[in-house]
Amino acid sequence: MSNPLYDALIGPHRGQGTPFLYMQDGTVQTHAEFVDLAGRYASALDQLAVAAGDRVAVHIQKSADALALYAGCLQIGAIYLPLNTAYTPTELSYFIADSDASVFVCDPGEKDAVSKIAQDTGATLMTMGASGEGTLKDLALDQPVREAVAARDSDDIAALLYTSGTTGRSKGAMLTHRNLLSNAEALVDIWRFTDKDVLLHALPIFHSHGLFVASNVTLLAGGSMIWLPKFDADTVIARLPEATAMMGVPTFYTRLLDDPRFDRALTEHMRVFISGSAPLLAETHDRFAARTGHRILERYGMTETSMNTSNPYDGDRRAGTVGFPLPGVEAKVCDPKTGETLPTGEIGVLEVRGPNVFKGYWKMPEKTAEELRDDGFFITGDLAKIDADGYISIVGRGKDLIISGGYNIYPKEIEMFLDDLPGVLESAVVGAPHPDFGESVVAVLVPEAGATLDIAAIEAEVKDKLAGFKRPRHFEVMEALPRNTMGKVQKNELRTRFDTVFQPSPA
Ligand code: MCA
Ligand code: AMP
């Protein structure tokens, strides 16, 4: 009887008094304490009648307890479903209903706002705050440390991560034990993680990057983490001397480069800086190398696949590329119309296959069939090319997607929301280069005949209903949207027109 992820990531640390999490307040949680806490959460979930395969949805802040809850879910074989802390109750109701979650853990401060969602869906509502406090911890502390580990198959789902789609409706990516474990194993190996590593962890843990890449890799290697609640340049600079490795989105690195304290002396001892979730500009890569002497190691992944490619640890880390397929992963560039593999150097849609590729979308067999081919190749929707040396570059997106500070924003979702507002005839949402977030959101609105749009009121409505990172930071009102002869909105024209709206105006 085995449980692939628990047995590899959590079980080996039982009873080990080695440091695991260095908290912001100076306290340290050992590996043994982490495993015990996970065991108490496993018991608490058992008390709540959560069975193997049930979904445990969490909308909670990052804490040591939040990570232990993830481990507790693995232990009893439940499916962990983390949700972006920025989501509003309007957004959350869809995820809780669609996943048919048995338990919904929310922040104590939002309990009243989400209790109706729990009532309507039948989920048991529990709370967990920024320090782990709340009804779930109260229950967990009353429980014995569970030793039993639920048996799971490699093909069983360990986590459900929602990712928006170009149709505007979010899809739950079903990630199996095999998917997550094979990826963690490949990354530990190629990035040379060991039990000596101390990873500076400032990422959120409701996405693949912070949870599966950063945390799973550290757990598998037996290392430790400086566990920060969020990215803050001052704190990162203060704690960097204790770290050996750091992972982040490009915004982390541009913000650090904006600070003169971030220099060669501060970073000399570091083993590696890794970047992903959004394109790292070659200019940032070069600036980082010139300032610190480190060449950032860029990798590429998706929620559906975890990591697919990485620049080499030893060897040439090439700016503007995402390196080579991970061991066990195949990648090819295909003609978007025919699906035929294209010759070296040509641009097409990247397809990937391997043990990392997800099982499919939760309760959406048609969507799964559209993106996952019968032969196992997943159509990423990213436009890429492979050069003669085998380096892969992501050169664009075949999908209508904006990536802001590492968060994905699907224009369709915002357009559907704006179109429903009074006085709005139609809208188009595009991304424009942003100095801090890489890209940010521009909304173009067309008013109904005779209507005058109150942009302040529209902004207030957006703030109320949509997560803050999706908020358009620039609005334009136009009489009509540019369309081609087929009637399709010319987004490229809008992108060109509003390309510089977020650039600082010349002094
Ligand atoms: C926060 N805000 C944002 C973003 N984050 N706006 C646009 N884009 C963002 N990414 C807004 C808030 O809504 C708020 O707006 C204001 O900024 C301040 O909020 P705060 O939380 O203080 O922001 P911050 O601390 O400056 O956060 C920026 C950040 C953060 C540090 C870049 O977004 C972050 O940690 N990003 C990492 C995302 C990530 O982990 N992605 C991995 C996805 P207002 O003032 O209106 O209230 S996984 C993935 O992509 C794949 C698998 C992969 O390859 O990794
Ligand atoms: P998500 O849906 O959050 O998993 O985001 C996955 C998307 O992020 C990919 O399809 C890419 O478009 C983008 N992405 C992730 N890493 C990189 C990278 N290193 N360079 C360019 N795009 C990236």
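Both counts, for ligands and for their atoms, begin at 1 and track the order of listing.
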Q: Evaluate the 4.0 Å heavy atom contact test for atom 14 (C) of ligand 1: does a protein atom fall under the cut-off?
A: no
Q: Would a search of protein heavy atoms around atom 7 (C) of ligand 1 find one under 4.0 Å away?
A: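 When distances to the protein are checked, atom 7 (C) of ligand 1 has a heavy atom within 4.0 Å.
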Q: Would you please indicate yes or no on a ring centroid separation below 6.0 angstrom for F324 and Y300?
A: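 Judged by ring-centre distance (under 6.0 Å), Y300 and F324 do not meet the cut-off.
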Q: Salt bridge or not for E413 and K470, using N-O below 4.0 Å?
A: yes
Q: Is the closest heavy-atom distance from K399 to ligand 2 below 4.0 Å?
A: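 Flag set, K399 near ligand 2.
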Q: Starting from atom 4 (O) of ligand 2, locate the nearest protein heavy atom and write down its residue, its atom name and how far away it is, to 0.1 Å.
A: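 Scanning the protein heavy atoms, the shortest distance from atom 4 (O) of ligand 2 goes to T303 N, 2.5 Å.
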Q: Quick one: nearest non-hydrogen protein atom to atom 9 (C) of ligand 2, plus distance?
A: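 Protein heavy atom with the smallest distance to atom 9 (C) of ligand 2: D382 OD2, 3.3 Å.
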Q: What atoms of ligand 2 come within less than 4.0 Å of a heavy atom belonging to E298?
A: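 Ligand 2 atoms under the 4.0 Å threshold to E298: 18 (C), 19 (N), 20 (N).
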Q: Would you verify that at least one protein heavy atom lies under 4.0 Å from atom 18 (C) of ligand 1, or report that none does?
A: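 Within 4.0 Å of atom 18 (C) of ligand 1, no protein heavy atoms are found.
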Q: Side chain, backbone, both or neither: which part of R473 has a heavy atom under 4.0 Å from ligand 1?
A: side chain
Q: Looking at ligand 2, is there an atom of it that comes within less than 4.0 Å of some heavy atom belonging to E304?
A: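 Heavy atoms of E304 never come under 4.0 Å of ligand 2.
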Q: I'd like to check which ligand 2 atoms, numbered from 1 as shown, lie under 4.0 Å from a non-hydrogen atom of R299.
A: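 Matching atoms, with element in brackets: 18 (C), 19 (N).
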Q: Quick test of your reading of the structure: of G276, S277, P250, whose heavy atom lies closest to atom 15 (C) of ligand 2?
A: S277
Q: Please work out which of the three classes, parallel, tilted or perpendicular, describes the rings of F273 and Y253, given edges at 30° and 60°.
A: perpendicular
Q: How long is the gap from CE on M225 to CG on L200, to the nearest 0.5 Å?
A: 11.0 Å
Q: Just jot down the ligand 2 atoms closer than 4.0 angstrom to any heavy atom of M302, in number order.
A: 4 (O), 6 (C), 9 (C), 10 (O)
Q: Give a yes/no on ligand 2: does S208 have at least one heavy atom closer than 4.0 angstrom to it?
A: no
Q: Please work out which of G398, G301, P279 has its closest non-hydrogen atom nearest to atom 22 (N) of ligand 2.
A: P279
Q: Give the atom numbers and elements of ligand 2 that come within less than 4.0 Å of a heavy atom of N408.
A: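 Near N408, the atoms of ligand 2 are 1 (P), 2 (O), 3 (O), 5 (O), 6 (C).
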Q: Are a donor atom and an acceptor atom from the side chains of Y391 and R317 found within less than 3.5 Å of each other?
A: no
Q: Just how far is it from atom CD1 of I458 to atom CG of L445, taken to the nearest 0.5 Å?
A: 5.0 Å
Q: Please confirm whether F469 and F437 have ring centers closer than 6.0 angstrom.
A: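 No, too far apart.
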Q: Examine the side chains of N356 and S306 and answer whether a donor and an acceptor come within less than 3.5 Å of each other.
A: no
Q: With a 3.5 Å cut-off and no angle check, do the side chains of E298 and H285 form a donor-acceptor pair?
A: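 Side-chain D/A pair, E298 to H285: absent.
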Q: Rounded to the nearest 0.5 Å, what separation is found between the CG atom of L81 and the CH2 atom of W362?
A: 9.0 Å
Q: Is the closest protein non-hydrogen atom to atom 53 (C) of ligand 1 under 4.0 Å?
A: yes
Q: Could you check whether atom 42 (C) of ligand 1 has a protein contact, counting only heavy atoms that fall below 4.0 angstrom?
A: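 Given the 4.0 Å limit, the answer for atom 42 (C) of ligand 1 is yes, a protein heavy atom qualifies.
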Q: Report, in ascending order of atom number, the atoms of ligand 2 lying under 4.0 Å from any heavy atom of I403.
A: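 Going through ligand 2 atom by atom, the ones under 4.0 Å from I403 are 8 (O), 12 (O), 13 (C).
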Q: Regarding ligand 1, does R471 bring an N or O atom to under 3.5 Å of one of the ligand's N or O atoms?
A: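 Indeed, backbone or side chain, R471 has an N or O that close.
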Q: Under a heavy-atom criterion of less than 4.0 Å, does G210 contact ligand 1?
A: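 Checking ligand 1 against G210, which is what was asked, there is no heavy-atom contact under 4.0 Å.
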